[in-house]
Amino acid sequence: MAAYAALVSLLNNIQQMMTHPNLSTSFHNYQIHSLEKKAALLLHFIETFNYGGLSQEAQHLESLITSAAHTAEDMIESHIVNQLLPLSADDREADFSFSLYLRKKGEIEDQFHSGSNQAIQEPAPYVAGDGCLEYLRQIIEDMDAIIKKANELNEIHRLREDQPPTPSTPKYAQTREESGMVGFGDELIQLLDELTGQRSNLHIISIIGMGGMGKTTLAKNIYAHQLIIERFDIRAWATVSHQYNAEQILQQLLSDKDNSSDKDVDKLGEQLHKTLFGRRYLIILDDIWCVEAWDEVSRFFPDNGNGSRIVLTTRLSDVAKDCGSSCFPKNLLNENESWELFCKKAFQNEDCPTELEKVGREIVKLCKGLALSIVVIGGRLLKSPRTVGYWKNVAKDIESSPSSKEKEESLDVLFSNYSHLPARLKPCFLHIGVLKLTNHENLHISRIIQLWVGEGFLKSNGGLVLEEIGEDYLKELIDRNLIVVSKRSKNGRMKCCDIHDLLRDLCLKVAEQQGFFHVISQGHVVGTERRLVYNNASRGRESARLPLARSIMKFKFEKEESYKHRLVRTLDVNNHRSVEVPLGCVNLRYLALRIPDKLGAMELPSSLSLVWNLHALIIKNSSGNPPTVLAPIEIWKMRQLRHIKCGRIYLPQPDGQDYLLENLQTLGSAVNLRLSEDVCNIIPNIKILHLEYKHDLQGNDDSLIECLCNVDRLHKLESLKLSGWWNMDYKLNEILTLPSSLNKLSLSYFELDWEDLSLIGSLPLLEVLEVQFNCSMVESSTWSAVDGQFQRLKFLKIEWCDLRCWNADSWHFPILEKLLLHNMPELEEIPLGIGEIPTLKLIHVKNCSNSAAISAIKIKDDQLDYGNDDLQIQVDVNTRVQQSFMAMVEKEGLTLNNVQSNISPLGFYF
């Protein structure tokens, strides 16, 4: 893992250095190409060598490769940084990156020439020139020797192992959805009896067991069981985890994160109590670690005397007892249950081949009934060679893993799944585990991939861009059941992922053992770490000089400290105390700053362009509000930029120079940016673009035309969000032509005729459409859908618009999945034909007319008559009209009985 990550990073670095338009070095091209060739040879060895469980010789060789690659990278980047930002004499004397290189080189030579007493001469203080070339020559010689060792080991291994080479990993199919429950039949019946029994008082039940035994899976299947759905008026789920947050727990139970973010625990608790009071409810608190978490939220659960229930899942028996619950131990799977679960994961819908059954049962037996181990190992074998020899090697690896405590035993079983990952996936998997340590919420996939690009983990294949390669890596990890998709975007694409705590612990353990990442809890650092994460984000001794640090996460940063971290690549800064970029870190690839609200606008300096290889620039306020960022003209020169996410960023108009941001994929939200022909030529490969136009736009309506008339020149644009804030004589369709590549479009505060939506509907790839926030449809309040349009639309949201009459049928939106109609008091009804769309999963009507809400309920009734139970209708009615709404329901002869509902003061859910 470490060797692969180091080599890929080195090769990426060489490529970026040699192709950078604004960077010159004193390296000889023939030496750089020689280094690149030898690094590529070693990378090929790492990718193709069958480690057979990582023999001692292989581990030794990998450590040599890692050290050599790191040494080469340290020297190259130090050379570049010293050119861009030369050190003073005092700082150069304190900078020991090259003396460290010498120590590393001495270690390599000692390993090759054990017993040699040859002294290593200390180098003179570093200066660009001949000394740099000599360092490079020595590194190339080291790599030559390592390549020779690799060839020898490869030949020995070939003679030793009489087995066919491992085939290359195929491109995995789309992630499988979570399959049905296996092996919990008796336990499920027992729990259902407990939950639906005659006991009238509030009853608490704890499912207890070690990590990976299937506690959460059992709870999920209880939660979704039809008997439970029919019995309880309200069901709610919250995941607690080790480091809990009472507000987040209550928000999850309320399913109201967006609207409740500004409320404290007491206000949220009061809202929850009102919601639950008088109703029969089921609450599930998953993965609770301490009684304090229970104490903070349990006071808001009323005992209604009607058979309400609370289910806890926990690894700790003492916690279950302290919570006053009945204990339900989650047992390990028996032999038959384990085999059934294993076959479901390893073969899906196929039968186990006869020749594999014996060794397969041996593998299952070694899992010792631990559901998580069975699932993960089965997931890996699904995509592995189906040969007896390969499966016997897997069984041997599992059997030889040492065991001690229950947790260590689980990690040891799971370790074989890590060790058998392809080399390219190992650093990415460990990195996700480390990120999970710093973020207990869902992990945003876009952030993960941007960090992988910044770290240099992703190997370019010449066809896909790095972000697409990173997405493929994630899909492979998901398909192997190592991570899961926890949230999807409006068009169904992966948005967030999560990793089980047990697998996170495995990642942290391996990362620490291999020196891949160092978790700093008390601020103590040695000074030679390459990747650090500050678990508590506190400032202890982290101001120590870190000349080799490449990644620093959750760090409180001072401007004057930036020179101490000159080689850092990824920097995630918490509570930045000033509005200045740490320009001493000119080697940055990924920079995320969180600044206090009170600092106001942040002005980026012109010297930002010295950060020669910056890929991602992310600036947020500590509160999450969008900050205002003022960019210099030099930002157009930063050709490596791939993502700019700065809340509201003011970009100066290019002044005619030779600017080009050909790698830029994300820009948001750019305020008052005129999309002139020149600007479109500068960002030809933009994929995600958020534009906001405010009152301070200089000029008249002609200025708006200049802003938007060239959008169709952006031929790779996939997502466009437009927001405008002025009165104008032009309609949007008169000044805007959209590129056919769009799959997501959001329009806010623009004038648009309903009949002009046909222009949008003709976009061949459009999957998401949002028209919202007082979009004044000036010509007509009637929308008649046109045949043959919106053929790919999956998500439609219309909000604060004056639509009154909507004429449409199922064929007008053939694959629509979600329809949201919010704050449209004039809307008379939803066309009944909409309910006949076979893919439709949700209709959400919020603060619309009573007649529109009634039409949604009629659609539900019609679909029930046709046997369609999958369509969910959600109706939010303002408290002021609830009485009239219920009267209208009664008048129409509709009933809300025998319908699953989660009723809150502001909504009805059918």
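- Contact annotation: the side chain of Asn663 approaches that of Gln640 to within less than 4.5 Å [non-hydrogen atoms, C-beta and beyond].
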Problem - Criterion side-chain contact (heavy atoms from CB on, under 4.5 Å) on Lys716 and Ser741, from CA distance to verdict - result: CA-CA 6 Å; Lys716 296 187 178 181; Ser741 56; 5.5 Å; no

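- Note: His643 NE2 to Ile688 CD1 = 8.0 Å, rounded to the nearest 0.5 Å.
- Contact of the His44 side chain with the Thr48 side chain is registered, since non-hydrogen atoms from C-beta on lie closer than 4.5 Å.
- Taking CG from Leu675 and CG from Leu714, the interatomic distance works out to 6.0 Å, rounded to the nearest 0.5 Å.
- Note that CG of Leu691 and CG of Asn672 are 10.0 Å apart. Values are rounded to the nearest 0.5 Å.
- A salt bridge does not link Arg493 to Glu471: none of the charged side-chain nitrogens sits closer than 4.0 Å to a carboxylate oxygen.
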Handout entry: Verdict with supporting geometry, Ile32 and Met17, side-chain contact (heavy atoms from CB on, under 4.5 Å)
Key = CA-CA 10 Å; Ile32 290 295; Met17 177 187 67; 3.8 Å; yes

Practice task
Please lay out, stage by stage, how Tyr659 and Ile633 fare under the test side-chain contact (heavy atoms from CB on, under 4.5 Å).
Solution key: CA-CA 10 Å; Tyr659 298 132; Ile633 192 70; 3.5 Å; yes

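- Checking Ser9 against Arg550 by side-chain atom types alone, no donor-acceptor pair falls below 3.5 Å.
- Residue Pro427 comes nearest to Phe457 through the heavy atom pair O-CE1, 4.1 Å, listed as atom of the first residue, atom of the second, then distance.
- Minimum heavy-atom separation, Ile483 to Cys497: CD1-SG, 4.3 Å.
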Exercise for the section: Carefully, step by step, assess Glu455 and Arg530 under the rule salt bridge (charged side-chain N to carboxylate O under 4.0 Å, His left out). Expected result: CA-CA 11 Å; Glu455 294 278 5; Arg530 300 187 75 85; over 6 Å; no

Exercise for the section: Show your working on salt bridge (charged side-chain N to carboxylate O under 4.0 Å, His left out) between Glu77 and Arg589 and close with a plain yes or no. Expected result: CA-CA 12 Å; Glu77 292 187 348; Arg589 272 70 161 163; 3.4 Å; yes

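- Side-chain contact between Ile448 and Leu435: present, with at least one pair of heavy atoms (C-beta onward) separated by less than 4.5 Å.
- Between Phe45 and Ile147 there is no side-chain heavy-atom pair separated by less than 4.5 Å.
- Heavy-atom minimum distance, Ile469 versus Ser460: CD1-CA, 3.9 Å.
- For Asn685 and Glu662, the side-chain atoms include no donor-acceptor pair closer than 3.5 Å.
- When atom types are taken as modelled, the side chain of Glu468 and the backbone of Val465 share a donor-acceptor pair closer than 3.5 angstrom.
- Taking 4.5 Å as the limit, every side-chain heavy atom of Leu664 sits out of range of all side-chain heavy atoms of Arg639.
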Practice task
Take Arg531 and Glu512 through the salt bridge (charged side-chain N to carboxylate O under 4.0 Å, His left out) test and state the conclusion after the steps.
Solution key: CA-CA 10 Å; Arg531 298 183 180 91; Glu512 285 282 358; over 6 Å; no

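- A heavy-atom distance below 4.5 Å is found between the side chains of Leu591 and Leu588.
- Judged by distance alone, with hydrogens and angles left aside, the side-chain atoms of Ser67 form no donor-acceptor pair with the main-chain N or O of Ser63 at under 3.5 Å.
- Thr666 places no side-chain N or O within 3.5 Å of a backbone atom of Ile644 that could act as its donor or acceptor partner.
- Counting all heavy atoms, side chain and backbone alike, Ser551 lies closest to Val568 at N-CG2, 4.1 Å.
- Smallest separation of non-hydrogen atoms from Pro652 and Ala631: CD-O, 3.3 Å.
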Handout entry: Pair Asn613-His615, side-chain contact (heavy atoms from CB on, under 4.5 Å): steps then yes or no
Key = CA-CA 6 Å; Asn613 207 5; His615 292 163; 3.3 Å; yes

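- Not one N or O on the side chain of Asn13 forms a donor-acceptor pair closer than 3.5 Å with the backbone of Ile76.
- Under a 3.5 Å cut-off, the side chain of Ser34 and the backbone N or O of Tyr30 do not form any donor-acceptor pair.
- Comment: Asp142 does not engage Lys38 in a salt bridge, judged by the lack of any side-chain N to carboxylate O separation of less than 4.0 angstrom.
- Geometrically, Lys426 engages Tyr418 in a cation-pi contact, judged by NZ or CZ lying under 6.0 Å from the ring centre and within 45° of the ring axis.
- Considering only residues two or more places apart in sequence or on other chains, Gln665 meets the side chain to side chain donor-acceptor pair (under 3.5 Å) condition with Glu467.
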Practice task
Give the intermediate values and the outcome of salt bridge (charged side-chain N to carboxylate O under 4.0 Å, His left out) for residues Glu47 and Arg424.
Solution key: CA-CA 8 Å; Glu47 291 176 321; Arg424 67 181 182 279; over 6 Å; no

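- Qualifying salt bridge (charged side-chain N to carboxylate O under 4.0 Å, His left out) partners for Lys645, counting only residues two or more places apart in sequence or in other chains: none.
- Applying the ring pair (Phe, Tyr, Trp, His ring centres under 6.0 Å) test to Phe517 and every residue at least two apart in sequence or in another chain returns His431.
- We find the CG-NE2 distance between Leu84 and His79 to be 9.5 Å, quoted to the nearest 0.5 Å.
- You'll find the ring centres of Tyr4 and Phe516 outside the 6.0 Å limit.
- Using a 4.5 Å cut-off on side-chain heavy atoms (C-beta onward), Met602 and Ile619 make contact.
- Atom CG of Leu689 is separated from atom OG of Ser669 by 9.0 Å, given to the nearest 0.5 angstrom.
- Side-chain contact between Trp452 and Leu474 is present, with at least one heavy-atom pair separated by less than 4.5 Å.
- Taking each heavy atom of Leu567 and Asn587 in turn, the nearest pair found is O-ND2, 3.1 Å.
- Remark: Lys487 does not engage Asp498 in a salt bridge, criterion side-chain N to carboxylate O under 4.0 Å.
- To the nearest 0.5 Å, the span separating CE on Met143 from CG on Leu64 amounts to 11.5 Å.
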